[in-house]
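Working notes for the structure below.
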Number of protein chains: 2
Amino acid sequence: MASRSASSTAATSDKVGVICRALRRAIIEQALEPGVKLPEDSLGERFGVSRTIARHALGQLAAEGLVELRRNRIAVVATPSWQEARDAFDIRIELERLVVRQLAGKLTKGQVAELNAHVDAEDRARDGTDAVSIRLATEFHILLANMTSSPILVRYVSEVAYRCCLTLSLYSRPHSSECAINEHRAIIAALVKGDEAKVMGLMHSHLDSVANRALVAPAPRRGRDLLEILAPYAEEGERGRVVKLPKVIRTR
Amino acid sequence: MASRSASSTAATSDKVGVICRALRRAIIEQALEPGVKLPEDSLGERFGVSRTIARHALGQLAAEGLVELRRNRIAVVATPSWQEARDAFDIRIELERLVVRQLAGKLTKGQVAELNAHVDAEDRARDGTDAVSIRLATEFHILLANMTSSPILVRYVSEVAYRCCLTLSLYSRPHSSECAINEHRAIIAALVKGDEAKVMGLMHSHLDSVANRALVAPAPRRGRDLLEILAPYAEEGERGRVVKLPKVIRTR
DNA sequence: GCCCGCTGAACTGCATGCAATTGAGGCGCT
DNA sequence: AGCGCCTCAATTGCATGCAGTTCAGCGGGC
């Protein structure tokens, strides 16, 4: 797999990265729900690349825990167990405490503005779908991690945050994540003030309450058509020839 | 990349996993030093597989941060910067505190025996090469992580520990890691006693001192022949046909 | 003698082809 | 009708081939 530079799947114009990002986003927005099948050729066709590339992308996502790969079987969107979800949140708490510890009192004006703008966007998205709210909330944390400019930390926080996000789509009841916005604002304020202990505590309880609100009970899911689902995710750089979508495959 | 089940590169008999494990071990034992080139075909030939598979393995290792992949360029063993090394240790400290917190007072007799046996092995390896000592020390921490039976935690701890290990080969002076053995024993003792706070503190200072002992100054490295270096790492399951080693390629 | 541009071998990026595996539907048996 | 076997289409595992990129080494100009 391949060809994303060391840290996250970043370098534009490598096709593996494009597919990874598209699928990642589709997964965390719950367009692709846990258990949905991801056949290599359908993916390849959808993105206008060969199976080889689709395969690389799936491998990458499997390494991140978003996709499950079993030998000789069709890849599926991962279905983390309740325990794994809990573990992921525990790890996330520690990592994000590290993030805010490094950031406390060190944010530039521009960074603060960026964070505020993001939270404003979260606010505006309240009217929209649940999935978008969840994605934005997750991205707030990733934005924060990015400001540490520690590539390793960024990668781990992103990964575990995406995993948690996936989890939410499995176990949380609808509309349970809205109140988090105020907590985000409080974290920004504490970061600006520079009180390390305070902000670490805030982050800890924020994530803890998200986890507790979320991890309640599983719910069954309906199947949908893969190619159709992916439609809004295929652009990303406008590679022009995102080809036909030929046969329609009922997945799952 | 592919075909290792969700967590670490595990399932035996998938060729990608075999290569990953071999390279990982070669890297952390410093047989493959940072900067050494890893051409896909040489790897493939060495392990008796096609470039495709070698490529998958490299991708996997790149995702773990052990290998650097630049588009259209030969992959090389990663050369983490001093700052990245420091970051990796910071993350590692938090993660391993989580490990011992979960483990304190919960180890079975069998697990304690296993840990003691491992430390004994570390002791015996004192006479051997530096590289083996470092590998064993790293594996102690991974062994510990495994006992949490949290796949996610295991994966992250392993990854970051390997990274730190790689770092040591770049920045540490020789024979700086020996005294860690006693600290390992102390950690086991505290885990058995079940004092969470104590063992978290021990682990913290242990890793902190390893980091501080280690991160001193870079040193230049000599080049060696890739195929020759890999010889001792090629077995792993005895796939019989690990083929010829035809042309000899000076790497680096 | 030194620097720069050129050329070809080495290598990667990607697609495709073939063999092996899987599992879903159909058929017969009870 | 219900149950199990068998067959075949769908799909993965892997190797190989071709095109494009990189780089090392060489030759010419200054």
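Bear in mind the structure is a predicted one, so any value in this text is a computation, not a measurement.
Mapping A:R70 and A:R51 onto DNA chain C by nearest heavy atom places A:R51 closer to the 5' end of the strand. Each of A:I74 and A:T52 was matched to the nucleotide of DNA chain D holding its nearest heavy atom; the match closer to the 5' end belongs to A:I74.
If you check the side chains of B:H118 and B:E139, you find no donor sitting under 3.5 Å from an acceptor.
Distance B:K37 NZ to C:dT12 P: 10 Å, rounded to the nearest Å. Counting to the nearest Å, the P atom of D:dA19 and the CG atom of B:N72 are 16 Å from each other. Taking atom CZ on B:R55 and atom C1' on C:dG13, their separation rounds to 6 Å, with Å as the unit. In this structure, B:L43 places its CG atom 18 Å from P of C:dA10, rounding to the nearest Å. Taking atom CG of residue B:L69 and atom C1' of nucleotide D:dT22, one finds them 15 Å apart after rounding to whole Å. Nucleotide D:dG17 holds its P atom 13 Å from the CG atom of B:D41, rounded to whole Å. Rounded to whole Å, atom C1' of C:dT16 lies 14 Å from atom CD of A:E45. If you take CD of A:E40 and C1' of C:dG17, they are 15 Å apart, rounded to a whole angstrom.
Between the side chain of B:R71 and the base of D:dG20, no donor-acceptor pair under 3.5 Å is found.
A salt bridge between B:R25 and B:E29 is present, with a side-chain N of the basic residue lying under 4.0 Å from a carboxylate O of the acidic one. Under 4.0 Å is where a charged nitrogen must lie from a carboxylate oxygen, and between B:R155 and A:E159 at least one such pair does.
Residue pairs that meet the ring pair (Phe, Tyr, Trp, His ring centres under 6.0 Å) test with at least one member in residues 142-164 of chain A, sequence neighbours left out, are A:Y156-B:Y156.
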